[in-house]
Chemist: 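Following this message is one structure expressed as structure tokens.
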Amino acid sequence: RMPEHRTIRSLGVEAPHKPYFMFYDEGPPQDGAVQLDALYSGFSAGTELTFLKDTNPYLRSRWDDGRGVFVEGEPSARFPIPFLGYMEVARVRQSRAAAFAEGTVVCGTFGHKSGHTADPFHELLIPLPGDLDPILGIFVAQMGPIAANGILHADAEMLGSGGTRLGDGVAGLRVIVIGGGTVGLMTALFARDAGATVVLADPSAFRREKAHALGLTAMEEDQAWQHAKAAWHHGPSDRGADIVFQTRARSESLHGALRALRPQGTVIDLAFYQGGADHTRLGEEFHHNGLSIRCAQINRVPRGLAHRWDRSRLAGETIRLLSRHGRAIRREMITHIVPVDEAPEFLTRLVDERPEFLQIVFSFEP
């Protein structure tokens with residue numbers, strides 16, 4: 001092996017319930033590319049555990065991008081799955097791209113890998129300001145933009161193509177955020193900073209305590225919709241939240257979101273439902289109150305705003321949120337920092353024992 005080559009280690013899933021490491025060799029960066037050494041990688045439990053537990057829809061169907069439908073019986077992912085993860089922080093080791101100096105700390109979505117060669121022209125690579133703790137960079141390229149995109153969809157719902165700043169559409173509104181995970185908490189912080197009255201709902205006392213520590217009002221889900229109907233009056237027969245952000249991957253939570261809304265209100269749905277939606281009863285509040293459900297999927301900004309908004313700008317909004325609240329987010333939201341050597345054993349325990357957690361981070365630091 002020539003000296004400029006290196007061996008990369010990647011965390012994946014070899015078979016259901018069996019995490020493993022895969023190894024491959026990588027050459028030096030070509031013109032325009034940068035070679036990265038991983039520092040931290042965030043674990044997205046809601047998505048990544050579906051591969052470990054063999055419940056991800058891609059294991060049984062194929063996404064037909066041209067028609068925008070899943071094709072049953074044609075899996076697009078099969079075991080072993082060598083690459084997982086999309087919340088990474090790395091340091092530039094070698095650079096052949098003028099915009100990225102060696103030693104720069106960057107955020108990207110290249111997986112739980114010890115290193116990566118990135119092409120900044122074709123993949124998102126965001127420099128992290130030097131005054132931010134590098135571990136906070138795990139939120140910049142994916143989870144923060146997901147939350148910011150939810151706010152952007154609410155802006156579009158309330159203002160159309162209007163609004164000059166993220167959150168203009170929720171300023172002054174009464175908002176519920178269902179789900180106290182990473183996306184829910186960041187969505188709640190974005191909405192509160194924009195001037196909304198925010199209540200966060202989650203069944204976990206652990207997560208409600210984390211929300212309280214971030215200065216948020218938090219309740220159980222049944223309490224939250226009842227609070228919205230009791231306290232938020234807009235007129236005769238017009239009670240409830242203006243907007244509900246739904247971030248829990250449970251159809252009963254989506255139904256609770258609909259119950260919390262005022263007539264003709266909107267759920268901004270950021271959840272990933274793998275088990276169907278049997279508990280979402282569209283013949284009840286959805287029908288009688290004339291409600292809407294708008295999916296805020298990370299790969300799509302609202303129609304009509306694409307000329308002004310993209311993933312890079314959403315990442316910039318995330319950096320601004322981290323600049324305001326980074327210390328509290330680091331303290332309250334990152335609950336586990338796991339040396340990557342221990343990751344397979346940790347993931348097995350996570351599935352078997354299901355301890356309380358919020359954001360898990362794998363560390364590649366020696």
Chemist: Could you pull out the closest heavy-atom pair between Arg174 and His233, with the gap in Å?
Modeler: NH1-O, 3.4 Å
Chemist: Quick one: does Asp193's side chain have a donor or acceptor within less than 3.5 Å of a partner on Phe190's backbone?
Modeler: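 Between the backbone of Phe190 and the side chain of Asp193 there is no qualifying donor-acceptor contact (under 3.5 Å).
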Chemist: Quick one: does Arg330's side chain have a donor or acceptor within less than 3.5 Å of a partner on Asp133's backbone?
Modeler: no
Chemist: Which pair of non-hydrogen atoms, one from Ala260 and one from Ile176, has the smallest distance, and what is that distance?
Modeler: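 Result for this residue pair: CB-CD1, 3.8 Å.
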Chemist: Heavy atoms only: give me the nearest Asp238-Arg262 pair and the separation to one decimal.
Modeler: OD2-NH2, 2.7 Å
Chemist: Is Arg96 paired with Asp119 through a side-chain N to carboxylate O contact shorter than 4.0 Å?
Modeler: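 Judged by the 4.0 Å cut-off on N to carboxylate O distance, Asp119 and Arg96 do not form a salt bridge.
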Chemist: Quick one: does Glu26's side chain get under 4.5 Å of Gln35's, heavy atoms only?
Modeler: yes
Chemist: Quick one: are Phe346 and His336 in side-chain contact, heavy atoms under 4.5 Å?
Modeler: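 Answer yes - side chains close enough.
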Chemist: So which heavy atom on Ala194 is nearest to which on Val170, and how close?
Modeler: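 Ala194 and Val170 have their closest heavy atoms at CB-CG2, 3.8 Å.
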Chemist: Hey, could you give me the NE2/CG distance between His153 and Leu305, rounded to the nearest 0.5 Å?
Modeler: 8.5 Å
Chemist: Would you say Gln297 has more than 12 foreign heavy atoms packed within less than 6.0 Å of its CD?
Modeler: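 Yes, CD of Gln297 has more than 12 neighbouring heavy atoms, counting only those of other groups under 6.0 Å.
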Chemist: So do the side chains of Leu291 and Val267 get within less than 4.5 Å of each other, counting heavy atoms only?
Modeler: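 Result no, sub-4.5 Å side-chain heavy-atom pair not found.
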Chemist: Does any non-hydrogen side-chain atom of Arg294 lie less than 4.5 Å from one of Pro302?
Modeler: yes
Chemist: Applying the side-chain contact (heavy atoms from CB on, under 4.5 Å) criterion to Thr217, which one of Val198, Val199, Thr197 satisfies it?
Modeler: Val199
Chemist: Do Thr104 side-chain atoms and Phe100 backbone N/O form a donor-acceptor pair below 3.5 Å?
Modeler: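 Between the backbone of Phe100 and the side chain of Thr104 there is no qualifying donor-acceptor contact (under 3.5 Å).
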Chemist: Which heavy-atom pair separates Thr280 from Ser251 by the least distance, and what is that distance?
Modeler: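 Of all heavy-atom pairs spanning Thr280 and Ser251, the closest is OG1-O, 3.0 Å.
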Chemist: Walk me through whether Phe110 and Phe83 qualify under ring-ring contact (aromatic ring centres under 6.0 Å, His included).
Modeler: CA-CA 9 Å; Phe110 59 80; Phe83 304 109; over 10 Å; no
Chemist: Within the 4.5 Å heavy-atom criterion, are Ile178 and Val244 side-chain neighbours or not?
Modeler: yes
Chemist: Between Thr50 (side chain) and Thr47 (backbone), is there a donor-acceptor pair under 3.5 Å?
Modeler: yes
Chemist: Main chain of Thr247, side chain of Asp269: is a donor-acceptor contact present, judged purely on distance under 3.5 Å?
Modeler: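 Between the backbone of Thr247 and the side chain of Asp269 there is no qualifying donor-acceptor contact (under 3.5 Å).
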Chemist: Contact between Ser312 and Leu124 at the side-chain level, heavy atoms closer than 4.5 Å - yes or no?
Modeler: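 Yes, side chains in contact.
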Chemist: Does CZ belonging to Arg327 count more than 12 external heavy atoms closer than 6.0 Å?
Modeler: no
Chemist: Quick one: does any side-chain atom of His227 pair with a main-chain N or O of Gln223 as donor and acceptor, under 3.5 Å?
Modeler: no
Chemist: Mind listing the closest non-hydrogen atom pair of Thr117 and Ala33 along with its distance?
Modeler: CG2-CB, 4.0 Å
Chemist: If we only count heavy atoms from C-beta on, is the Phe79 to Val13 side-chain gap below 4.5 Å?
Modeler: yes
